[in-house]
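Before any comments, here is the structure.
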Amino acid sequence: MMAQLRSLDLRFADPREEANFKGSLEDELLRSMFAVSLLASAGSIVQALSLLAQYELTEPHVVVIVCQQCAWLIGPLTMMLLIGLRLTCGYLRNWNWEVVAITACVYGACSVAIGQTYHATLLLDRDPVLLWGWQSVNDSQVWELLGLNLLSAVTLFQLPIRSAFSWLPPPPGTLSFLAGG
């Protein structure tokens, strides 16, 4: 069974060729992941400011917004810190950054689904329609699906990772969306 699974691994047979391949793409991967993390953090802050401006702030609104920001900012800020340590100080050179990038994308897909306004409100045992209004709940679902689609597109087209790994982020995000809805 393991021999059959090993044939799906698209690594080079020669360890030196594998190291050269990874080394040639690592800087581009790190720069791309830093840019994606920066954009995700900015998008999260814009979403919070939009919600804060749109609604009268009551305790349930603030709790949902704070929980969203925690879910959405922890991953990108952590990635930016790790990439900064790698690029500026030379730390973490032994890490497999392709796996780190895929792990960050899986986290992003799940946090987009679970941290969206509708699901975050449900997780805090509140009624989203009563708290945010019907139209906002519908808009939240649309933005959630667009966020998952955007994450899939970024993973597939922007990040220089192998196609054997690029399929990993969308399924957990979709399952998180289905489980939360």
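Any value given below was found using the heavy atoms of this structure, including those in side chains, with hydrogens, waters and symmetry copies removed.
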Backbone N or O of [Y] within a donor-acceptor pair of the [X] side chain at under 3.5 Å?
X     : Y      : value
Ser50 : Val46  : no
Trp72 : Ser111 : yes
Asn20 : Arg16  : yes
Trp97 : Leu92  : yes

Value rounded to 0.5 Å, distance of CG in Leu29 from CZ in Phe34: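 Here the rounded value is 13.5 Å.
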Nearest atoms (heavy-atom pairs only) where [X] meets [Y]:
X      : Y      : value
Cys105 : Leu151 : O-CD2, 3.3 Å
Leu148 : Ala109 : CD2-O, 3.4 Å
Ala71  : Gly115 : CB-CA, 4.4 Å
Leu131 : His61  : O-NE2, 3.0 Å

CA sep, side-chain torsions, deciding dist, call: Thr121, Trp132, side-chain hydrogen bond (donor to acceptor under 3.5 Å, both in side chains): CA-CA 9 Å; Thr121 307; Trp132 302 102; 2.8 Å; yes
Atom CG of Asp14: over 12 foreign heavy atoms under 6.0 Å: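 Above 12, so yes.
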Same apolar cluster: Ile102 and Leu156, side chain cutoff 4.5 Å: no
Evaluate the side-chain proximity of [Y] to [X]: yes if any heavy-atom separation is below 4.5 Å, no if none is.
X      : Y      : value
Leu124 : Pro60  : no
Leu73  : Gln68  : no
Ser37  : Leu77  : no
Asp27  : Leu87  : yes
His119 : Phe177 : yes
Ser44  : Pro76  : no
Tyr107 : Ile74  : yes

Check ion pair Lys22-Glu28 (N to O, under 4.0 angstrom): no
Gln47 vs Ile65, side chain to side chain contact (heavy atoms under 4.5 Å, CB included): CA-CA, chis, key distance, verdict: CA-CA 9 Å; Gln47 164 76 2; Ile65 292 169; over 6 Å; no
Inter- and intrachain pairs under salt bridge (charged side-chain N to carboxylate O under 4.0 Å, His left out), touching residues 84-110, at least two apart: Glu26-Arg86, Glu98-Arg162
